[in-house]
Amino acid sequence: MHTNEFTLTPVPPYQFGSTVRSHGWASLAPFAWSAEANALERVLRLSTGQVVLLAMSAGSDGAVAVAAQHAAPLDAAEGDELERTAVRMLGTDEDLKGFFQVCEERGGVWRHAIGRATRLLRSATLWEDMVKIIATTNVQWGGTRGMVRRLVEAYGEPLPWDPKRRAFPTPEAVTAIAEDAFGAAVRMGYRTPYVCELARRIVEGDLDLAALEDPDLSTKELRKRLLGIKGVGAYAAAHLLMLLGRYDHIPVDTAFRSYVGARYFAGETPSDKVMLAVYDDWGPWRGWAYWHELLWEFQPPEDQELG
DNA sequence: TTCCAGGGGTAGA
DNA sequence: TCTACCCATGGA
């Protein structure tokens with residue numbers, strides 16, 4: 001057994017704990033929260049095929065500690081990929097000063113956002129984020145967790161010394177499976193052909209994920225390309241845009257309608273257009289503003305976070 | 001049993 | 001651009 005430990009120094013302000021709790025991703029396989037280690041763990045398959053076990057936890061002075069266990073030593077390229085992937089998942093390289101500046105100007109409860117210093121937890125790859133977003137549509141959270149768990153258990157590469165723990169399946173692994181077999185194993189219902197087609201497009205080079213992660217691509221063009229993916233509509237595109245660091249669209253779902261209706265319209269639910277207008281003055285930070293308010297419903301801010 | 005979820009595709013207007 | 005209608009699955 002070999003180990004590789006390193007620390008990430010996030011762009012401040014940053015908090016590991018609030019990032020892990022930023023949405024439900026930490027409870028979707030292969031992510032798992034280890035209470036005893038106080039760490040976010042997951043199995044990760046590197047592009048060389050080596051499968052590693054990652055543990056990410058809060059370090060000192062706002063840093064994030066990452067520890068990887070693997071059966072064989074990692075070469076330089078594998079080490080780079082490991083670190084790049086940890087940065088992607090934790091958003092430690094994301095500069096949100098623009099958003100925190102607006103929160104500072106608004107003051108009041110918005111100072112909580114600065115204290116929380118949250119990034120959205122990402123998956124190891126955009127492919128994994130896309131599959132998981134598709135698995136959240138028109139289903140309750142328990143259903144999403146079940147679909148993702150079955151997908152990982154059926155087709156993820158096992159950790160060599162603990163084969164019950166598996167990585168998220170690659171697109172190549174999914175394309176190697178007949179669609180009806182995939183459907184029977186994963187039980188994603190009508191989402192099955194969407195995921196299979198997505199995997200095929202990635203493997204065949206028809207969909208270039210790296211191009212979608214290019215910060216120089218305009219948000220408008222990026223959204224158009226996301227909407228071109230079968231299974232991705234307005235909600236899923238807005239959510240994926242947030243995971244790609246663009247916060248000007250709000251993922252409108254039943255949670256949005258329920259929360260905004262209760263908070264701003266005395267329990268009534270006007271049209272989506274009217275409810276979305278509540279956040280218009282946040283400009284490019286609309287999505288983040290809504291997301292913070294929704295999070296605070298379940299994770300009420302404490303006064304000591306202020307200032 | 002019926003309803004519907006952290007919606008989306010499609011056809012037809 | 002907007003609206004009906006259908007879509008597998010499983011929890012409530």
Side-chain angles (χ1 to χ4, degrees), chain A residues 19-29 31 118 120-123 126 128-155 174 177-201 207 220 222-244 246-247 249-264 269-279 286-299:
Chain A
T19 298
V20 172
R21 292 188 299 273
S22 58
H23 60 144
W25 258 212
S27 64
L28 290 183
F31 278 123
T118 305
L120 274 181
L121 184 66
R122 274 94 178 181
S123 300
L126 181 54
E128 184 182 331
D129 275 330
M130 286 174 167
V131 172
K132 286 176 173 176
I133 293 281
I134 289 173
T136 65
T137 58
N138 195 26
V139 69
Q140 294 181 22
W141 185 246
T144 299
R145 293 184 64 174
M147 286 184 240
V148 175
R149 178 178 48 75
R150 290 188 294 271
L151 175 56
V152 169
E153 285 176 356
Y155 306 118
V174 172
I177 307 153
E179 192 169 306
D180 56 347
F182 181 98
V186 184
R187 302 204 301 276
M188 296 186 85
Y190 63 87
R191 303 168 194 82
T192 289
Y194 301 156
V195 171
C196 290
E197 180 177 324
L198 175 61
R200 183 182 54 73
R201 288 186 63 191
L207 185 66
K220 186 176 179 182
L222 175 56
R223 179 169 184 271
K224 185 180 160 188
R225 292 193 197 176
L226 292 174
L227 289 171
I229 298 168
K230 286 244 169 57
V232 174
Y235 158 81
H239 204 152
L240 280 167
L241 282 170
M242 299 220 323
L243 291 173
L244 287 163
R246 301 163 191 252
Y247 302 95
H249 292 268
I250 292 177
V252 176
D253 55 11
T254 54
F256 171 82
R257 297 190 182 98
S258 167
Y259 168 73
V260 177
R263 170 76 173 77
Y264 294 103
T269 49
S271 70
D272 291 348
K273 196 173 174 181
V274 170
M275 289 198 278
L276 282 167
V278 167
Y279 297 94
R286 282 184 282 254
W288 252 141
Y290 156 67
W291 202 260
H292 278 78
E293 286 192 345
L294 188 68
L295 276 173
W296 292 340
E297 285 289 289
F298 304 101
Q299 303 163 16

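Here is how names work: the chains are called A, B, and so on, in the same order as the sequence lines, proteins then strands, and each is numbered from 1.
In the set B:dG8, C:dG10, B:dG7, the nucleotide with an atom closest to the side chain of A:Asp253 is B:dG7. Taking the side chain of A:Arg187 as heavy atoms from C-beta on, and the options B:dG9, C:dG11, C:dT9, the nearest nucleotide is C:dT9. Checking B:dG6, C:dG10, B:dG9 against the side-chain heavy atoms of A:Thr136 singles out B:dG6 as nearest. The side chain of A:Tyr235 has B:dG8 as its nearest neighbour among B:dG8, B:dT10, C:dG11.
Within the nucleic acid shown, A:Ile229 comes within 4.0 Å of sugar-phosphate atoms alone, with no base atom in reach, counting heavy atoms only. Backbone-only contact: A:Val232 has heavy atoms under 4.0 Å from sugar-phosphate atoms and none from a base. No engagement by A:Phe256 is indicated, since no non-hydrogen atom pair under 4.0 Å with the nucleic acid exists. Nucleic acid contact class of A:Gly143 (heavy atoms, under 4.0 Å, all strands): none. A:Trp25 comes within 4.0 angstrom of no nucleic acid atom, judged by non-hydrogen atoms across all strands. Heavy atoms of A:Gly183 sit nowhere under 4.0 angstrom from any nucleic acid atom.
Put simply, A:Arg191 has no side-chain N or O that comes within less than 4.0 Å of OP1 or OP2 on C:dC7. At the phosphate of B:dG7, OP1 or OP2 sits under 4.0 Å from a side-chain N or O atom of A:Thr254.
The nearest whole Å value for the distance from the OH atom in A:Tyr194 to the P atom in B:dT10 is 7 Å. Nucleotide C:dT1 holds its C1' atom 11 Å from the NZ atom of A:Lys273, rounded to whole Å. Between A:Ile134 atom CD1 and B:dG7 atom C1' there is a gap of 11 Å when expressed in whole angstrom units. At whole-Å resolution of the value, CG in A:Leu240 and P in B:dG6 are 18 Å apart. Spacing between atom CD of A:Glu197 and atom P of B:dG8 amounts to 16 Å, rounded to whole angstrom units. Atom CZ of A:Phe182 is separated from atom P of C:dA8 by 15 Å (rounded to the nearest Å). Computed from coordinates, the A:His239 NE2 to B:dG8 P distance equals 12 Å when rounded to whole Å. Distance CZ (A:Arg145) to C1' (B:dA5): 16 Å, rounded to an integer number of Å.
Taking the six-membered ring where tryptophan is involved, the planes of A:His23 and A:Trp25 are essentially parallel, since the angle between them stays under 30° and well short of 60°.
We find that the ring of A:Trp141 and the base of B:dG6 stack, their centres lying under 5.5 angstrom apart and their planes tilted less than 30°.
Straight-line distance between the C1' atoms of C:dT3 and B:dG6: roughly 23 Å, to the nearest whole Å. Taking atom P on both nucleotides, C:dG11 is separated from B:dG8 by 22 Å, rounded to a whole Å.
One can find a donor-acceptor pair under 3.5 Å joining the base of B:dG7 and the side-chain atoms of A:Tyr190.
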Steps toward ring pair (Phe, Tyr, Trp, His ring centres under 6.0 Å) verdict (A:Tyr155, A:Phe182): CA-CA 9 Å; A:Tyr155 306 118; A:Phe182 181 98; 5.8 Å; yes
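With respect to A:Arg257 and A:Asp272, a salt bridge is recorded, a charged nitrogen being found less than 4.0 Å from a carboxylate O.
Of the possible polar contacts, one joining the A:Arg122 side chain to the A:Leu120 backbone as a donor-acceptor pair under 3.5 Å is found.
With the nearest nucleotide of DNA chain C identified for both A:Gly142 and A:Asn138, A:Asn138 has the one nearer the 5' end.
For the residue pair A:Tyr259 / A:Glu293, a side-chain donor-acceptor distance below 3.5 Å is found, with atom types taken as modelled.
In this structure, A:Ile229 and A:Tyr194 have side chains that are not in contact, with every pair of non-hydrogen atoms separated by 4.5 Å or more.
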